[in-house]
Amino acid sequence: MNAMDNLEKQLICPICLEMFTKPVVILPCQHNLCRKCANDVFQASNPYLPTRGGSLTSGGRFRCPSCRHEVVLDRHGVYGLQRNLLVENIIDMFKQESSSGSSPAPERKEETPMCDVHKEEKINIYCVTHCVPTCSMCKVFGVHKDCEVAPLTSIYQTQKTELSDGIAMMVGNNDRMQGIVSQLEEACRAIEENGRRQKTLVCEKFDELYTMLEEKKREMSQKVTVEQEEKLNYIRGLTRKYGEHLEENCKMVETGIQTMEEPEMAVFLQTAKPLLKKITDASSTAHLDKVERGYENMDHFIVDFKNEGRALRNIDFIQDEEDEDEEDEDGEEGAEDGAGPQAGPPLQMNSSPSAAKSAAST
């Protein structure tokens, strides 16, 4: 009996929660549905497709209620799905076995719930007023004697249909929610990609700015280096001239000392006169250049980057036209109020959607 119960559980439709009703169709994911239930799910997932006789007549798609696999149908709709004849044969064999076995039907009847008030009465009617199943005795003598009642079968079929429709609607809603989730995930991926692209563009712009600053730094440093070398060469040349002049004077001093030690007056007088003339000439430095005071200073190479610094600190993305108009109006009001001098326009980078799109395309 356990084997039969397990087999019966495998033959339950996930939509109507009853045993499969022929014809049974097999989905591409290998799950099975009653064709009527499959059509209900299909209609709920495709409410705007044309129908004929309650069935969709053109292709569409829906998701398997068991595994959420997307099922794509051709122009035949659910009638284009393959029938699972094996499952249908198993259902027939199961029903035959159930009817010819050791009276399974009476065992099922024993499962019929009994009334809590009238213990020997089966629940066989439905109280519409209180929305609960009850027994005939409760209707005649009990708490439901003044209530509206209906047969269990009619309420059962009604609520079963409503539940089936609700499940189909939930399946359709889940498909739509899944579509929204997919769109949101795609939006996240697009935002991440666009963010990476824009950060790359910003880095490229700053790299260009760094390159310009490096070139300007080399250019200005070269100017200082040129004047530095010019002054150094001049000073070194002058040092060399003074050194040569000093060396000649030292030799002349030695010659003068040797002459002073000459004991013979005649010899002394012969050499003293020309030596005195040489000493007089050597004492003069008029032929040598003089270094002006402050010649070594390089303070005339003055830099002031205050304005450029303000411009760099004001670097920002280009704003939309409406924001720029508002800023212009604020600036005009500040000028009328006697505001101080303003720095030049800030360096800007494009951040508007259209400009960003054009930047990305370039």
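Model, not experiment: these values are computed from the prediction. Values below: all heavy atoms of this structure, side chains included; hydrogens, waters and symmetry mates excluded.
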Next item on the list: Go through Lys205 and Val202 one step at a time and tell me if the side-chain contact (heavy atoms from CB on, under 4.5 Å) criterion holds.
Entry: CA-CA 5 Å; Lys205 293 296 182 182; Val202 170; 5.8 Å; no
Notebook entry, point to check: Nearest heavy-atom pair of Thr259 and Phe268: which atoms, and what distance?
Noted result: O-CD1, 3.2 Å
Check: How about Met298: does its CE atom have over 12 heavy atoms from other parts shown lying under 6.0 Å from it?
Finding: yes
Check: Does any pair with a residue in residues 12-24 pass salt bridge (charged side-chain N to carboxylate O under 4.0 Å, His left out), and if so which ones, sequence neighbours excluded?
Finding: Glu18-Lys160, Lys22-Asp92
Note to self: Would you say Ile315 ends up clustered with Phe317 if hydrophobic residues are merged whenever their side chains have heavy atoms under 4.5 Å apart, either directly or through other cluster members?
What the structure shows: yes
Margin query: On a heavy-atom basis, which atom in Glu88 and which in Pro23 lie closest, and how many Å separate them?
Written below: OE2-CA, 3.2 Å
Item checked: Any side-chain heavy-atom pair of Leu33 and Pro65 under 4.5 Å -> yes
Next item on the list: Give the minimum heavy-atom separation between Leu275 and Met252, together with the two atoms involved.
Entry: CD1-CG, 4.0 Å
Margin query: Test of understanding: clusters of I, L, V, M, F, W, Y form through side-chain heavy atoms closer than 4.5 Å, transitively. Do Leu276 and Leu269 belong to the same one?
Written below: no
Check: Can you name the nearest heavy-atom pair linking Lys306 to Asp304, along with the distance?
Finding: CG-OD1, 3.0 Å
Next item on the list: Give, for atom CZ of Arg63 and atom SG of Cys29, the distance between the pair rounded to the nearest 0.5 Å.
Entry: 11.5 Å
Note to self: With a 4.5 Å cut-off on side-chain heavy atoms, are Tyr234 and Asp289 touching?
What the structure shows: yes
Check: Should we count CD of Glu229 as having more than 12 external heavy atoms under 6.0 Å?
Finding: yes
Check: Should Glu186 and Arg189 count as an ion pair when the cut-off is N to O under 4.0 Å?
Finding: yes
Notebook entry, point to check: Are Val24 and Phe94 joined in one hydrophobic group, where the rule is that I, L, V, M, F, W and Y side chains link up if heavy atoms are under 4.5 Å apart?
Noted result: yes
Next item on the list: Any pair with a residue in residues 217-227 that passes salt bridge (charged side-chain N to carboxylate O under 4.0 Å, His left out), sequence neighbours left out, goes on the list, sorted by first then second residue, please.
Entry: Glu214-Lys217, Lys216-Glu219, Glu227-Lys231
Next item on the list: Taking the side chain as every heavy atom from C-beta outward, state whether Ile90 and Leu11 have any atom pair closer than 4.5 Å.
Entry: yes
Next item on the list: List in chain and number order the residues that pass side-chain hydrogen bond (donor to acceptor under 3.5 Å, both in side chains) with Asn194, two or more places apart in sequence or in another chain; answer none if no residue qualifies.
Entry: Arg197
Next item on the list: Could you grab the distance from atom CD of Glu185 to atom CD of Gln178, nearest 0.5 Å is fine?
Entry: 7.0 Å
Margin query: Tell me whether the count of non-hydrogen atoms from other residues, nucleotides or ligands lying under 6.0 Å of CE in Met114 goes above 12.
Written below: yes
Margin query: Do Val303 and Met220 have side chains that approach each other closer than 4.5 Å (heavy atoms only, starting at C-beta)?
Written below: yes
Margin query: Which residues pass the side-chain hydrogen bond (donor to acceptor under 3.5 Å, both in side chains) test with Lys199, not counting sequence neighbours?
Written below: none
Next item on the list: State plainly whether the residues Glu193 and Arg196 are in salt-bridge range, i.e. N to O under 4.0 Å.
Entry: yes
Note to self: Rounded to the nearest 0.5 Å, what separates atom CD1 in Ile26 from atom CG in Leu81?
What the structure shows: 10.0 Å
Notebook entry, point to check: If you draw a 6.0 Å radius around CD in Gln10, do more than 12 non-hydrogen atoms from other residues or ligands fall strictly inside?
Noted result: no
Next item on the list: Indicate if Tyr126 and Ile123 have the same hydrophobic cluster label, given that clusters are the connected sets of ILVMFWY residues with side-chain heavy-atom separations under 4.5 angstrom.
Entry: yes
Item checked: Residue pair Met19 / Lys95, side-chain heavy-atom distance below 4.5 Å -> yes
Margin query: To the closest 0.5 Å, what do you measure between SG (Cys64) and CD (Gln30)?
Written below: 10.5 Å
Item checked: Flag side-chain contact, heavy atom, 4.5 Å: Phe42 against Val71 -> no
Next item on the list: Please check if atom CG in Asp116 has more than 12 non-hydrogen atoms from other residues, nucleotides or ligands closer than 6.0 Å.
Entry: no
Item checked: Side chains of Tyr79 and Arg35 in contact at under 4.5 Å (non-hydrogen atoms) -> yes
Item checked: side-chain hydrogen bond (donor to acceptor under 3.5 Å, both in side chains) partners for Glu296, two or more places apart -> none
Next item on the list: Mind listing the closest non-hydrogen atom pair of Ser154 and Ala150 along with its distance?
Entry: OG-CB, 4.1 Å
Check: Which heavy atom of Met169 sits nearest a heavy atom of Arg176, and at what distance?
Finding: O-NH2, 4.5 Å
Item checked: Pro133 side chain near Leu152 side chain, heavy-atom distance below 4.5 Å -> yes
Check: Out of curiosity, His130 NE2 to Glu148 CD, how far, rounded to the nearest 0.5 Å?
Finding: 12.0 Å
Note to self: Can you list everything that forms a side-chain hydrogen bond (donor to acceptor under 3.5 Å, both in side chains) with Asp175? Sequence neighbours excluded, please.
What the structure shows: Ser45, Arg68
Check: Are Ile155 and Val132 in one and the same hydrophobic cluster, where Ile, Leu, Val, Met, Phe, Trp and Tyr link if side-chain heavy atoms are under 4.5 Å apart?
Finding: no
Margin query: Would you compute the distance between atom CG of Asn297 and atom CD of Glu292 and round it to the nearest 0.5 angstrom?
Written below: 12.0 Å
